[in-house]
Amino acid sequence: MQRAHYDYWLLCIVVMLVAFGVVMVYSASAVLAAERYGDAYFFLKKQLVFVALGGGVAMIVARIPYAYWRHAVYPLIGVSLGLALLAYVPGLRSVASGAARWVRIGPFTFQPSELVKIALIVFLAYSLEKKGERMRQFAVGVLPHLVVGGLMMAVVMGQRDFGSTFIMGSVLLFLLFAARVRLTYLVALGLAALPLIYFAVARVAYRRARILAFLDPWSDRYGSGFQIIQSLISFYHGGVWGRGLGEGQQKLFYLPEAHTDFIAAVLAEELGLVGLFLLTSLFVVLTVRGLRAAWRAPDGFGRYLALGITALIAWQAIANLSVVMGLFPTKGMVLPFISYGGSALLATLFGMGILLNVSSYAVARDRAETNAVRAPVKNTKRPFALTTQALCAS
């Protein structure tokens, strides 16, 4: 099937979210940048560079037929894991807040786990389509995906990135469910993961402290509970309409990570619940259009690609917003399109380029079926049969 134009709704939502993010990064970081670097536009300038690079990547990837990624799946896995392993090399890894998630090469710093997430989705889309009806068999439909996905998650988890590992595991289970893996297998996998999650949290002091702070942040208001308390104060001060863009007070050295993990708290204080509702609505529309692209994709590979990328963005947005509202334990997890950071933005726009390409084939399918319904019936001997066939195609 020849592709048509991209889903313009999806494209417009992405542009709006990126623009929203640029505005909020400047608002959340200007004071910190002036204090630390002597330039209030320091983070804004870097974010604009990331937007330009990410936009270029998205435009290029959106023009590549998504079927190409069938042939690039294993090279993509190799490159992403190779970059992730660099975070274990002394002299190349960059440690922040006790976690070695970043790689520094000269003046450039990047987080390889963001690319690993996309590589996992491409692999799953390729493998799930290839196995087809055999997905009901554990040895075929579950075990290979657990091995490859588990390896990729283990590399990320070794960098003390529990949040990304959890997101990857959630997307893996979601795509297996979409591929009609037996529900008993998925339940068993979920139950088997519980002890691993428990030990990953209970055996690490700072993770255990975050869980306790989530349950009662006031028990350690100046320690592990400080972030969430300051975030909740931001929501309280913002009210319904907010203080006004740029007028927030919590970002003035009260709210840690104001321009990254907790940027939604700054938004809530300055734009209020109305601004938060607008942001959430954009993510909801993006999710709906992504699911629509998956539903209308012409083959299984495109369907799983669209489902995986949509689920990745939606789940990260839900997790981040839940953290800043005190509904989820504090975790270093950015808000897609909005938070400051080059690696996350580039990887997200890379994924959106793939999703836009899938959507273009979905649009072409819609137009073809619409034309089939509207086409004049030439065979007058069987008008009822031809009309019924056209209507069924819609």
Side-chain angles (χ1 to χ4, degrees), residues 15-55 94-99 101-111 114 221-239 241-276 278-279 320-321 323-325 330-346 348-349:
V15 172
M16 292 172 65
L17 282 169
V18 171
F20 208 156
V22 169
V23 172
M24 290 312 305
V25 164
Y26 174 66
S27 179
S29 66
V31 175
L32 175 64
E35 175 73 16
R36 184 178 298 177
Y37 301 102
D39 181 6
Y41 300 99
F42 178 81
F43 291 109
L44 174 63
K45 292 175 183 176
K46 295 187 69 173
Q47 188 73 354
L48 288 174
V49 172
F50 298 148
V51 168
L53 292 175
S94 179
V95 181
S97 302
R101 305 173 189 170
W102 294 268
V103 175
R104 180 180 295 277
I105 299 179
F108 302 102
T109 302
F110 59 93
Q111 189 175 354
E114 298 296 336
R221 60 183 300 180
Y222 296 112
S224 57
F226 184 76
Q227 279 184 312
I228 185 59
I229 290 174
Q230 298 303 315
S231 180
L232 294 176
I233 291 175
S234 299
F235 277 82
Y236 173 77
H237 286 164
W241 301 103
R243 291 174 178 262
L245 187 62
E247 299 299 322
Q249 301 298 311
Q250 290 301 110
K251 65 188 180 185
L252 304 178
F253 311 107
Y254 292 104
L255 183 64
E257 311 296 338
H259 60 302
T260 55
D261 301 348
F262 280 81
I263 195 168
V266 177
L267 185 150
E269 183 181 10
E270 297 186 350
L271 302 180
L273 292 179
V274 172
L276 192 65
L278 174 60
L279 176 67
N320 180 275
L321 293 173
V323 166
V324 300
M325 290 187 285
T330 304
K331 190 69 196 77
M333 193 177 302
V334 299
L335 183 59
F337 303 106
I338 308 299
S339 295
Y340 170 80
S343 301
L345 185 59
L346 287 172
T348 301
L349 290 176

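As a basis for the values below, the full set of heavy atoms in this structure was taken, side chains included, without hydrogen atoms, waters or symmetry mates.
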Shortest non-hydrogen contact between L345 and Q47, atoms and distance
CD2-NE2, 3.9 Å
How far does OG1 of T260 sit from CD1 of I338, to the nearest 0.5 angstrom?
13.5 Å
Could you tell me whether the side chain of L271 reaches within less than 4.5 Å of the side chain of L279, counting heavy atoms only?
no
Counting only N and O atoms by type, is there a donor-acceptor contact under 3.5 Å from the side chain of S231 to the main-chain atoms of V324?
yes
Do V323 and D261 touch side chain to side chain, with heavy atoms closer than 4.5 Å?
no
Can you tell me which residue among H237, Q249, E270 is in a side-chain hydrogen bond (donor to acceptor under 3.5 Å, both in side chains) with R243?
H237
Count the heavy atoms of every other residue, nucleotide or ligand shown that sit under 6.0 Å from CE of M16, and state whether that count exceeds 12.
no
When rounded to the nearest 0.5 angstrom, what distance separates CG in L255 from CD1 in I229?
12.0 Å
Walk me through whether L32 and H259 qualify under side-chain contact (heavy atoms from CB on, under 4.5 Å).
CA-CA 9 Å; L32 175 64; H259 60 302; 3.7 Å; yes
Give a yes or no on this: more than 12 heavy atoms of other residues, nucleotides or ligands lie within 6.0 Å of atom OH of Y254.
no
Between the main-chain N or O of A33 and the side-chain N or O of D39, is there a donor-acceptor pair closer than 3.5 Å?
no
Aromatic contact between Y26 and F43, with the criterion being ring centroids under 6.0 Å apart: yes or no?
no
How many angstroms lie between CZ in F262 and CD in E257, if you round to the nearest 0.5 Å?
8.5 Å
Might you confirm whether atom CZ of F42 has over 12 heavy atoms from other residues, nucleotides or ligands at distances under 6.0 Å?
yes
Considering all heavy atoms of both residues, which atom of A28 and which atom of I263 are nearest to each other, and what is their separation?
CB-CG1, 4.3 Å
Please answer whether the main-chain N or O of V334 pairs with a side-chain N or O of S339 as donor and acceptor at a distance below 3.5 Å.
no
Could you tell me whether the side chain of S27 and the main chain of V23 form a donor-acceptor pair under 3.5 Å?
no
Checking E269 side chain against Q250 main chain: does a donor-acceptor pair fall under 3.5 Å?
yes
Once rounded to the nearest 0.5 Å, what's the spacing between atom CG of L321 and atom CG of L276?
6.0 Å
Nearest heavy atoms of S343 and F110, plus distance in Å:
OG-CA, 3.1 Å
dist L335:CG -> M24:CE (nearest 0.5 Å) comes out at 10.5 Å
Rounded to the nearest 0.5 Å, the CD atom of Q230 sits from the CZ atom of R221 at a distance of 8.5 Å
Exercise: identify the closest heavy-atom pair between N320 and M333:
ND2-O, 2.6 Å
Looking only at non-hydrogen atoms, find the nearest pair between V266 and A258 and report the distance.
CG2-O, 3.7 Å
Which heavy atom of Y340 sits nearest to which heavy atom of V25, and what is that distance?
N-CG2, 3.8 Å
